[in-house]
Amino acid sequence: PALLSGLNDRVPEGTAVRIEIARSASVTTDLGGSVWTCGAGEPSTIIGPDWAVLAWLLGRATATGEYLADAPELARWL
């Protein structure tokens, strides 16, 4: 997805993330099981439904609820 293209520049310096879209609780059926890795270093794994990962990518961490509590904070996108 386009939001991931600039993620390397948005994760905190020295941080790497491995994003996994969980099939359970996801809204779409085509993203479940997708995996992306970005950043530098040993990645922290972020697993959650598509809508929670999207909210996190947009910098709206509070909207992710309990799903992505350990994800690094991202600045709001646009």
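Residues take their numbers from the sequence shown, with the count starting at 1. Quantities reported herein were computed from a predicted structural model and do not represent experimental measurements.
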List the atom of A16, the atom of G41, and the distance in Å for their closest heavy-atom pair. CB-O, 3.4 Å

Work out which heavy atom in G39 is nearest to a heavy atom in N8; give both atom names and the distance. N-OD1, 2.6 Å

Hey, does the side chain of S26 reach the backbone of A22 with a donor-acceptor pair shorter than 3.5 angstrom? yes

Between the main-chain N or O of A55 and the side-chain N or O of R60, is there a donor-acceptor pair closer than 3.5 Å? no

Pick one: which of T45, T37, L7 meets side chain to side chain contact (heavy atoms under 4.5 Å, CB included) with I19? L7

With rounding to the nearest 0.5 Å, note down the distance linking [atom1] in [X] to [atom2] in [Y].
X   : Y   : atom1 : atom2 : value
L58 : T64 : CG    : OG1   : 11.5 Å
D50 : D30 : CG    : CG    : 8.5 Å
R10 : T15 : CZ    : OG1   : 13.0 Å
I21 : R23 : CD1   : CZ    : 11.0 Å

Treat each ILVMFWY residue as a node, draw an edge where side-chain heavy atoms are under 4.5 Å apart, and state whether W36 and I47 are in one component. no

Does the side chain of V17 reach to within under 4.5 Å of the side chain of C38, using non-hydrogen atoms? yes

Check: W56 ring centroid to Y67 ring centroid under 6.0 Å: no

